[in-house]
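Treat the numbers as computed from the prediction; the structure is a model and nothing was measured. Per chain, numbering begins at 1; letters A, B, ... match sequence-line order. Hydrogens, waters and symmetry mates play no part in the numbers below; they use all other heavy atoms, side chains included.
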Amino acid sequence: MISIDLSGKVALVTGSARGIGKAIALKLNAAGAKVIGIDLDTNGLEKLKEKTKEEIYTCDVSSFTEVEELSKKVFEKYQKVDILVNNAGITRDNLIMRMTPEEWDLVLNVNLRSAFNTVKIFHRSMLRARWGRIINMASVIGLMGNSGQANYAASKGGLIAFTKSIAKEFAKKNVLANCIAPGLIETKMTESLSETTKEEYFKGIPQGKFGQPDDVANIVLFLSSEFSAYLTGQVIHCDGGMIM
Amino acid sequence: MALKDDLKAKIVERFGVSVDEIKEDTNFVEHLNADSLDVMDFIMDIEQEYDIKIPATEAESLKTFGDLSQYLAEKTGKPLN
């Protein structure tokens, strides 16, 4: 029987207090990895810890100095990070006509700058180990754009370009970097949509339904494993066929 | 510890070679099986340990043990031997 065994691996998942990030953390944990939970939502992290039994840290990943401080604690406790999942992300939707510079900066900082911070700080231990997996959470919006989401789309498109660049830099060291581009996934973000809006969305999704956080987590599990050994710089769509 | 000995100890630890193998003209890439990323990573550690900044343009010219030890002696004022 084929199975994925991540025992001995240390994974760090940002934005893991709820939604897709939490599903990823639990999935990697179920595969045997030690999963470090990172978020700003301490309460959510506490609930995660009840299941993972590993360290959780409240950290603003958009701040380089906070990530530096975080890394000291992580390296002291775990000595390494093998799998880095940059999942933390926010939206501040607005038409460009109404979007403020603050809304632009906040989304770019949390969604894109954060990935620079964590990769910059954690990649060297992966390079030295000659093994690493970096998985960045992009979005279909980063590929197709969306009215009212110029900041979010730019951050996710930027994340894809960033991932391809580091994939090239790290490839020879067996440190692989890939993106996942989820489509519409059932989380708090989609919960508030009206039935009519949902029906409209379904028309653009060949599978005719929203995805589950676990659908994304399953791809992270694959990308974290040896089964993805010859895969880097790619964007894996998890969108029910929305973009082909 | 003299600078050269200190540097040799760091190279032994990092690149897994014996101290006798490290000569003045030992080239990091050609002789120590390192690539440009390994050398950059090593130089960044050196920066931290000696509390200096090595500009990327200067780092590119540090190809051998001799280059690096000479450069560090000039930059830190520490005795080579």
Side-chain angles (χ1 to χ4, degrees), chain A residues 10 12 64-84 86 113 115-136 161-178 229-233, chain B residues 1 3-23 26-69 71-72 75-76:
Chain A
V10 176
L12 190 147
F64 190 78
T65 48
E66 282 202 30
V67 178
E68 261 187 325
E69 286 306 310
L70 165 75
S71 72
K72 287 176 193 161
K73 295 175 201 158
V74 167
F75 285 129
E76 195 181 340
K77 173 85 195 272
Y78 296 96
Q79 289 77 52
K80 62 170 186 171
V81 169
D82 303 294
I83 300 159
L84 170 64
N86 284 308
R113 167 67 190 246
F116 165 76
N117 292 343
T118 56
V119 168
K120 162 91 182 152
I121 288 168
F122 290 105
H123 81 282
R124 287 174 73 196
S125 83
M126 295 184 191
L127 293 184
R128 287 179 194 177
R130 301 286 190 268
W131 200 98
R133 297 286 193 269
I134 298 168
I135 299 149
N136 293 330
F162 171 72
T163 306
K164 290 180 178 181
S165 303
I166 59 168
K168 287 184 175 177
E169 284 189 29
F170 305 158
K172 286 200 174 127
K173 301 293 183 194
N174 195 30
V175 175
L176 312 178
N178 291 289
Y230 196 52
L231 187 69
T232 196
Chain B
M1 194 188 284
L3 202 149
K4 276 190 180 181
D5 292 335
D6 187 43
L7 194 54
K8 278 183 183 176
K10 287 181 170 54
I11 290 171
V12 167
E13 190 190 339
R14 174 60 65 89
F15 299 103
V17 290
S18 75
V19 73
D20 305 335
E21 290 175 67
I22 306 168
K23 311 286 183 210
T26 297
N27 184 299
F28 293 109
V29 174
E30 287 171 26
H31 303 122
L32 299 181
N33 201 25
D35 66 15
S36 57
L37 266 185
D38 297 322
V39 177
M40 187 61 70
D41 187 40
F42 183 61
I43 284 179
M44 285 179 73
D45 268 3
I46 294 285
E47 285 186 319
Q48 202 169 9
E49 285 173 40
Y50 288 91
D51 197 22
I52 53 168
K53 275 275 165 226
I54 305 177
T57 46
E58 292 175 22
E60 278 171 23
S61 66
L62 305 173
K63 297 186 187 308
T64 65
F65 171 71
D67 294 339
L68 184 57
S69 54
Y71 179 88
L72 289 177
K75 199 100 174 173
T76 63

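Residues meeting the ring-ring contact (aromatic ring centres under 6.0 Å, His included) test with B:Y71, sequence neighbours left out: none.
Within residues 48-63 of chain B, no residue has any heavy atom less than 4.5 Å from a heavy atom of chain A. Contacts of residues 64-79 of chain A with chain B at a heavy-atom distance below 4.5 Å are absent; not one residue qualifies. Below 4.5 Å, heavy atoms of chain B meet heavy atoms from A:L127, A:R128, A:R130, all part of residues 126-135 of chain A.
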Before giving the answer on side chain to side chain contact (heavy atoms under 4.5 Å, CB included), spell out for B:L37 and A:K172 the whole-Å C-alpha distance, their side-chain angles and the decisive distance to 0.1 Å. CA-CA 10 Å; B:L37 266 185; A:K172 286 200 174 127; over 6 Å; no
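Counting heavy atoms of neighbouring residues, nucleotides and ligands inside a 6.0 Å radius, atom CG of B:N33 does not exceed 12 of them. For A:K164, the NZ atom sits in a loose shell: 12 or fewer heavy atoms of surrounding residues, nucleotides or ligands are nearer than 6.0 Å.
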